Amino acid sequence: MISKKERLEGFDADLLRREKVDHKKNLAIMDAMWKEAVTLKAFPPADPLEGIDIDIRIAKVINSV
């Protein structure tokens, strides 16, 4: 449990201000994650449309608000 929420939020904000985005590093991480998913046969799915009906229902609910 975090007792000093404001202090933590200040730390997070300060950290985000000081850190610079490294696009090259982020793309390398994404490529490694993609390769790992393909190696584990978790991606791409055998049937890309599997579960599309659920996604459509969720999209309709979200977009109706």
Side-chain angles (χ1 to χ4, degrees):
M1 183 76 164
I2 298 170
S3 59
K4 296 183 180 182
K5 183 179 173 185
E6 296 82 22
R7 188 171 177 189
L8 178 63
E9 288 174 350
F11 171 77
D12 285 341
D14 186 46
L15 184 64
L16 288 173
R17 269 194 305 274
R18 286 186 286 131
E19 282 189 350
K20 300 297 179 202
V21 176
D22 187 354
H23 296 287
K24 191 173 183 178
K25 179 181 173 185
N26 291 344
L27 288 174
I29 291 170
M30 185 194 70
D31 287 340
M33 289 171 58
W34 177 273
K35 288 177 186 175
E36 183 177 3
V38 170
T39 301
L40 295 172
K41 299 188 186 326
F43 199 78
D47 181 12
L49 296 178
E50 181 181 355
I52 191 74
D53 53 333
I54 296 169
D55 293 340
I56 291 171
R57 284 180 40 208
I58 291 171
K60 285 181 181 178
V61 169
I62 291 173
N63 291 324
S64 68
V65 175

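Values in this document were obtained by computation on a predicted structure and should not be read as measured data.
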Distance-only donor-acceptor pairs under 3.5 Å for side chains of residues 55-65, two or more places apart:
| from | atom 1 | to | atom 2 | distance (Å) |
| --- | --- | --- | --- | --- |
| Asn63 | ND2 | Ala59 | O | 3.0 |
| Ser64 | OG | Lys60 | O | 3.4 |
| Ser64 | OG | Val61 | O | 2.8 |

Applying side chain to side chain contact (heavy atoms under 4.5 Å, CB included), can you list everything that pairs with Asp22, at least two apart in sequence or on another chain? Lys24, Lys25
What pairs of donor and acceptor atoms, side-chain ones from residues 38-53 against any protein atom, are under 3.5 angstrom apart with sequence neighbours left out?
| from | atom 1 | to | atom 2 | distance (Å) |
| --- | --- | --- | --- | --- |
| Thr39 | OG1 | Lys35 | O | 2.8 |
| Asp47 | OD1 | Leu49 | N | 3.3 |

Return yes when atom CD of Glu9 has more than 12 non-hydrogen atoms of other residues, nucleotides or ligands closer than 6.0 Å, and no otherwise. yes
Mind checking what makes side chain to side chain contact (heavy atoms under 4.5 Å, CB included) contact with Asp14, not counting sequence neighbours? Arg17, Arg18
